[in-house]
2 protein chains.
Amino acid sequence: MDESHVGRTRRPTIADVAQRAGVSKGLVSFALNDRPGVNVATRRRILAIAAELGWSPDVRARSLSTNRSFALGLVLQRDTEIVAGDPFFPAFIAGVERELSPAGQALVLASVPSHGREADTYRKLASERRVDGVFLADLRAGDERLDLIESLGLAAVTLGHPDVASAFPAVSVDDIDGVIATVDHLADLGHRSIAHVAGSPEMLHASRRGAAFERACERRGIAHRVVDTDFSARQGAEATRALIADAATRPTAICYSNDVMALAGIAVAQRGGLSVPGDLSIAGFDDSEIARHVYPSLTSVATDVVEWGAAAARTLLAAIAGDELDDSELAPAHLVVRESTGAAPAPRRDTPS
Amino acid sequence: MDESHVGRTRRPTIADVAQRAGVSKGLVSFALNDRPGVNVATRRRILAIAAELGWSPDVRARSLSTNRSFALGLVLQRDTEIVAGDPFFPAFIAGVERELSPAGQALVLASVPSHGREADTYRKLASERRVDGVFLADLRAGDERLDLIESLGLAAVTLGHPDVASAFPAVSVDDIDGVIATVDHLADLGHRSIAHVAGSPEMLHASRRGAAFERACERRGIAHRVVDTDFSARQGAEATRALIADAATRPTAICYSNDVMALAGIAVAQRGGLSVPGDLSIAGFDDSEIARHVYPSLTSVATDVVEWGAAAARTLLAAIAGDELDDSELAPAHLVVRESTGAAPAPRRDTPS
DNA sequence: TTGTACGCGTTATCAC
DNA sequence: GTGATAACGCGTACAA
């Protein structure tokens, strides 16, 4: 009858280790945290006993005393349908986890359906002290979250550069290069009229890609158009229908802001009797796995999202640790040419000059 | 010089509220938690002061004293590439969050690349006391996680029924109905040889769908084949290539275990000169948004994944609260017929009988 | 209603 | 340099 161990054994605390080692709680803490001031032999003994007892730190207790949560937050604000088709977040999260897990940090994920509840979610994460910092994705024009997060006393890292003053380090992937490469690729193929099916215009990366697209077209002397969408396949399809409706004015190539819309665009074109890339070249963005497995396979712009997540996590952890950090830039996006883009069709003969 | 408020104001604690209200900490706690034994007027006054001071509970402190984390865990174990194309988790998470957020609970997400690190992740979540319970998705044959989770003292809910004894409630969606409906639909269209491109055979839902497929085919007297994959577009494409390689023996219809593989399958078929659905009918599974926007649009099996997430969250919260729960069953999967399935091609004349 | 111990690890203060 | 002691963080719970 081992009195103190009735039923399930109580998990060992630092006090148990201390008692067993015949030292004080404080010393055990010092030993376990690799801090100076502990005799080497004593430290070894303490560590051995901790291991033997199966002790492991209780984040709750540690959190309370250190005033840190050892967790980072990511708030997703997208329609369910859109986020479901978006390969970004799963990959980003995988990269984040690769860094957080060894660092003993956890990822707290919140998913909000509407803009309104987004600020509340950050406020709640902060007031409940759930997280030490947050990842700011999908930056918007004049993003109010920057001030909010700062006023909440949270650390943060932005994915990309905000268009307003920011107190937080930015980790960016230059996707402009990918846009330019796409336009150049199409221009080299003889296209003289290209459309861009962009994402939501309040999204900074969408508007920047749109602007880069226009600049690139102008540099090459190419007629261009931009259509805004909400990133959904549905709106990608609608935009495509509108663009190709008038055979006389339709572009010979369309670049989309994501692969899902590009796939929908291919479908609309084919349904309208256009061959891709014979009559219409199509380029995506994301280079999702499916891009290389559709027919025609999809030319798309690739970025290393996993690495982006990892870099963002490292930066945020460093910021929380108090390091002053410069913005960092990852490998730029690059174009992966496949079958959906090809030579521009010969000028139409059916339009009398 | 407001001495006690130099720089950033310290966040108010329950002690501040107590002092301001001229009562004890304990009474404030009772008032804030809506527990009986507090004079109505006093309670009102305490709540007013708490609001005025901007007090909000600190989960860390609450966690330490209640021995609860107020957080639930979800461990994703899939290749980055595969999870990126999978619409399940974003939708599932959206549903989970819909329940957790109002309940003051957080979702802790872990993402592990390999099987080996999966058990460690659960162990860590438990030993650090990060979460009170976990969602068990992607059940496997003889899933070792059930025993592990139980031994770790965590609560859990399984997504679907395990094939071994389980201490946890299951929340399931019957996808068998969807499989049967698919086979019946194809049989009604005259198909007499159907293949199933299944997911990983150790995944319970994959093997169960496979078995259901075979039973449904046998019931209708239809020749059938099952090919296992890892759920990736690549293997979906490979499986399709193998299936259609021999024109004499190829099936006239293929059902896939997810939409991504089905899209890859359509591409392989078209590339091989087969028309879909003219020569080959194709059905997917998941009914992702893109399914209705490709050409031909994809017949697929739909389930309400958001609702599944919400139900699983409710069940897990109830289990943590100590309720004894029965397994629950959500609305079954149903087939959404689109263009990628059609009448079986006429029997080949080029094969001399 | 109050007072106070408690949960568990961290850290500042002291003593040898 | 080694180590002990005690206070602290914040909310909960129980005896008084």
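Chain identifiers are assigned alphabetically (A, B, ...) following the order of the sequence lines, protein sequences preceding nucleic acid strands; residue numbering begins at 1 within each chain.
Atom CD of B:Gln19 is separated from atom C1' of C:dT2 by 16 Å (rounded to the nearest Å). In this entry the distance linking CZ of A:Arg68 with C1' of C:dC8 reads 17 Å, nearest Å. Here C:dG9 presents its C1' atom at 14 Å from CZ of B:Arg129, a figure rounded to the nearest Å. Between A:Leu53 atom CG and C:dG9 atom P the separation is 12 Å, expressed in whole Å. Between the CZ atom of B:Arg60 and the P atom of C:dT10 there is a distance of 14 Å, rounded to whole Å. Across the protein-nucleic acid pair, A:Glu128 atom CD and D:dC10 atom C1' stand 14 Å apart, rounded to whole Å.
Between B:Glu52 and B:Arg20 there is a salt bridge, since at least one side-chain N of the basic residue sits less than 4.0 Å from a carboxylate O of the acidic one. Ionic pairing of B:Arg140 and B:Glu118 is present here: one or more N-O contacts between side-chain nitrogen and carboxylate oxygen are shorter than 4.0 angstrom. The pair B:Glu97-A:Arg117 fails the salt-bridge criterion, with no side-chain N (NZ, NE, NH1 or NH2) lying under 4.0 Å from an Asp/Glu carboxylate O.
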Compile the donor-acceptor pairs under 3.5 Å between side chains in residues 308-317 of chain A and protein atoms, sequence neighbours left out, one pair per line.
from	atom 1	to	atom 2	distance (Å)
A:Trp308	NE1	A:Val171	O	2.9
A:Arg314	NH1	A:Glu99	OE2	3.0
A:Thr315	OG1	A:Ala311	O	2.9

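Around CD of A:Glu329, the count of heavy atoms belonging to other residues, nucleotides or ligands within 6.0 Å exceeds 12.
Projected onto DNA chain D by closest heavy-atom contact, B:Leu64 and B:Leu32 fall at different nucleotides, the more 5' of which corresponds to B:Leu64.
Comparing C:dG7, D:dC10, C:dG9 by their nearest atom to the side chain of B:Asp58 picks out D:dC10. With D:dT5, C:dG9, C:dG3 as the candidates, the nucleotide lying closest to the side chain of A:Arg62 is C:dG9.
Donor-acceptor pairing under 3.5 Å is recorded for the side chains of B:Arg60 and A:Ser69.
The stretch residues 40-48 of chain A has no heavy atom under 4.0 angstrom from DNA chain C at all.
Residues passing the side-chain hydrogen bond (donor to acceptor under 3.5 Å, both in side chains) test with A:Asp143, sequence neighbours excluded: A:Arg145. Residues satisfying the salt bridge (Lys or Arg N to Asp or Glu O under 4.0 Å) test with B:Asp58, not counting sequence neighbours, are none.
In this pair, A:Phe89 and A:Phe92 present their aromatic rings perpendicular. The plane angle is above 60°, beyond the 30 to 60° band.
Looking only at side-chain heavy atoms (C-beta outward), A:Trp55 and A:Ile46 stay at 4.5 Å or farther from each other.
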Walk along nucleotides 11-16 of chain C from 5' to 3' and tag each nucleotide B, S or - by protein heavy-atom contact under 4.0 Å, base first, then sugar-phosphate.
B-----
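At its two ends the helix from C:dT1-D:dA16 to C:dC16-D:dG1 runs along axes set 50° apart, each axis drawn from five pairs and the angle rounded to 10°.
At distances below 3.5 Å, not a single donor-acceptor pair connects side-chain atoms of A:Arg129 with backbone N or O atoms of B:Val59.
Contacts of A:Val23 with the nucleic acid, taken as non-hydrogen atoms under 4.0 Å apart, involve only primed sugar atoms and P, OP1 or OP2.
The side chain of A:Trp55 places no N or O atom within less than 4.0 Å of a non-bridging phosphate oxygen (OP1 or OP2) of C:dC8.
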